Number of protein chains: 2
Amino acid sequence: MAAEQRAGAPAYQRIAATYRDQIRSGELTPGDRLPTEADIAARFGVVRQTVRNGLGVLITDGLIVARRPHGYFVRDREHMVYRPQQKSRPRPATPAMDRFSQQIVDEGRTPSQLIQVSLIQAGPDLAQRLGLDPGDAIVARRRVRLINGEPTNLNDSHFPLDLVKDSEIMSPAYLPRGTDQVLAELGHPQHHAIDEIFVRMPNPEEIHRLSLGPGTPVAVHYDTGYTADGRPVQCAVNVLPGDRHKIVFERHWPTTVTA
Amino acid sequence: MAAEQRAGAPAYQRIAATYRDQIRSGELTPGDRLPTEADIAARFGVVRQTVRNGLGVLITDGLIVARRPHGYFVRDREHMVYRPQQKSRPRPATPAMDRFSQQIVDEGRTPSQLIQVSLIQAGPDLAQRLGLDPGDAIVARRRVRLINGEPTNLNDSHFPLDLVKDSEIMSPAYLPRGTDQVLAELGHPQHHAIDEIFVRMPNPEEIHRLSLGPGTPVAVHYDTGYTADGRPVQCAVNVLPGDRHKIVFERHWPTTVTA
DNA sequence: TGGTCCAGATGGACTAGACAATTGAGACTG
DNA sequence: CAGTCTCAATTGTCTAGTCCATCTGGACCA
């Protein structure tokens, strides 16, 4: 790992490799502080700017964070489990909370959310998934979900306007039984869904809404729900910061595989 | 988007915001060239280094690439579809290719792969998933899959040594019927699997094996297969560059959701 | 014609140094 | 004792400039 970096590699890459190795070997563990820029500069015989370039690599790789004026620290990461499959499980008779909230409480943490409902024009991505034309009016129900007060993921649900007009989906209140259920009550029960997951760096809006630091990629999960006759009735866009989630699902073999 | 950046933001952020907006608005499209560093420096009244900081943001965000000595170019991205679910579908009677290869050919492209089999000691992540102790010997069957000669994803399958010793899994040859099938023939048919997907920045080894550029996050898909009695028999680690894949699966509601 | 070589354009790495911004800890004050 | 102020340490931003690495295209030559 460090070997390929040693020879004629630029100084900033050698610096990055040095501390990357220390982190991966466990010599530096999450929460540990790295030497100051000045110390590293002296140790490698370079100027501060070169050190900053090297540490910048580790920052964009998500391995460390800079906390002015305290120094650089090895980043910690704990993954909360995200289960796209469980969305479709029927819940107990009197659900007081949606699936997400229930899971958080089970883990002994405090969930909350900020909801904002607005009427927007569909962009190309949503229009295509909802079977509309770009520019058509849709209802966006945007949520930031927080755990212990910290933003954890985004869940923006989108509905064709004519399906949910004047329904409680358009109120920015928490719907304990979930929008799937409300949609079913409105006569649009969902029958199947297509999940698409993209991996990319977040855009500035996502960075802002989720308070993301540099070096944090996101998984973007498009969950498009269809009625039995194949009509799309909702498209949820979930944005999951990579440092806070792992996505889990299970598969069962349809028939026994025999030789 | 640009608004919040304008006022007192640092120059390098204003530069980044300027070209980010041009890309998102379609004013600059994939393949287009940005002005040279010197041009941008003159336009914003800053020195070249400040321009480099600004463009560096866009590079780590995966929006542009630098091609010396040609300039900066807006990055292109096309996603190939990755379907973790289809792995479990039984294939036609005489499969000449595995699922991955079949899909590529269907799309009119040329698949190939580099296979390397080795005996390694399980790290903590694999040991836990395979129900072994860290350091236990396992067989690693590492593949780099290429499309039209370009590395596209990594598929490293791992097996407990005692299960596959002396079997054809240990030969670094292409197994058209897939390792699942071979494992079944060895008396270990898989019954279900757990999929875990992590999102993070790649490490140097992954960057090297996949020829990744900066600003490309990866999805890491752990696919752990179990026999009917719940014993793990294989753990595959798939590394998918975010700029080349989208992950797709479908869900069906178990029962009709009624109000 | 066809190959070789070289100059110029452009990004990559680095030095040297200045000043600003942030924030915890410790000193101070009422 | 509780609140407030100040300061030092540290990272953040930017300037000004040097030299290097890489590739294209045109000039030149066999």
Side-chain angles (χ1 to χ4, degrees), chain A residues 4-20 28 31-75 204 207 211-215, chain B residues 4-20 28 31-75 204 207 211-215:
Chain A
E4 87 248 27
Q5 304 283 10
R6 253 193 272 285
Y12 79 97
Q13 288 181 13
R14 275 183 280 128
I15 293 171
T18 297
Y19 293 101
R20 187 198 304 277
L28 287 169
D32 282 1
R33 198 191 136 178
L34 274 65
T36 67
E37 294 177 350
D39 285 349
I40 298 174
R43 192 171 309 176
F44 284 83
V46 297
V47 297
R48 212 185 116 212
Q49 189 56 236
T50 301
V51 175
R52 288 179 62 76
N53 289 344
L55 298 182
V57 172
L58 301 186
I59 289 177
T60 60
D61 281 0
L63 293 177
I64 64 174
V65 291
R67 282 182 43 215
R68 181 171 52 164
H70 304 297
Y72 292 87
F73 295 84
V74 179
R75 194 157 149 179
I207 289 173
S211 305
L212 295 179
Chain B
E4 86 249 30
Q5 305 282 11
R6 253 192 271 285
Y12 79 97
Q13 288 181 13
R14 274 182 280 128
I15 293 171
T18 297
Y19 293 101
R20 186 199 305 277
L28 287 169
D32 282 0
R33 198 191 136 177
L34 274 65
T36 68
E37 293 178 350
D39 286 349
I40 298 175
R43 191 171 310 176
F44 284 82
V46 296
V47 298
R48 212 183 116 212
Q49 189 56 237
T50 300
V51 175
R52 288 178 63 76
N53 288 345
L55 298 182
V57 172
L58 301 186
I59 289 177
T60 61
D61 281 0
L63 293 176
I64 63 174
V65 291
R67 282 182 42 214
R68 182 171 53 163
H70 306 297
Y72 291 87
F73 296 83
V74 179
R75 195 158 146 179
I207 290 174
S211 304
L212 295 178

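Here is the naming used below: chain letters follow the sequence lines, and residue numbers restart at 1 for every chain. Computed from heavy atoms alone, side chains included, the values below leave out hydrogens, waters and symmetry copies. Note that the structure is a prediction, hence the values are computed from the model and not measured.
With a cutoff of under 4.0 Å to any heavy atom of chain A, the contacted region of DNA chain C is bounded 5' to 3' by C/dA13 to C/dG24.
Separation of atoms OG1 (B/Thr18) and CG (B/Leu34) is listed at 10.5 Å; rounding is to 0.5 Å.
Residue A/Gly56 is classed as having no contact, given no heavy-atom separation below 4.0 Å to the nucleic acid. Among the protein residues, A/Gly54 comes within range of no part of the nucleic acid, since none of its heavy atoms lies under 4.0 Å from any strand.
Contact of the A/Ile40 side chain with the A/Tyr19 side chain is registered, since non-hydrogen atoms from C-beta on lie closer than 4.5 Å.
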Would you mind writing out the side-chain donor-acceptor pairs for residues 41-54 of chain B within the sub-3.5 Å range, not counting sequence neighbours?
unit_1: B/Arg48; atom_1: NE; unit_2: B/Glu37; atom_2: OE1; d: 2.5
unit_1: B/Arg48; atom_1: NH2; unit_2: B/Glu37; atom_2: OE1; d: 3.2
unit_1: B/Arg52; atom_1: NH1; unit_2: B/Glu37; atom_2: OE2; d: 2.8

Sequence neighbours left out, cut at 3.5 Å: what donor-acceptor pairs do the side chains of residues 59-70 of chain A make with other protein atoms?
unit_1: A/Thr60; atom_1: OG1; unit_2: A/Gly56; atom_2: O; d: 3.3
unit_1: A/Thr60; atom_1: OG1; unit_2: A/Val57; atom_2: O; d: 3.0
unit_1: A/Asp61; atom_1: OD2; unit_2: A/Arg20; atom_2: NH1; d: 3.0
unit_1: A/Asp61; atom_1: OD2; unit_2: A/Arg20; atom_2: NH2; d: 3.1

Within the 4.0 Å limit for protein heavy atoms, which parts of nucleotides 4-14 of chain D are touched? Write it as a string from 5' to 3', B for base, S for sugar-phosphate only, - for none. -----BBBBBB

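Under the side-chain contact (heavy atoms from CB on, under 4.5 Å) criterion, A/Ile207 pairs with A/Pro202, A/Leu212, not counting sequence neighbours.
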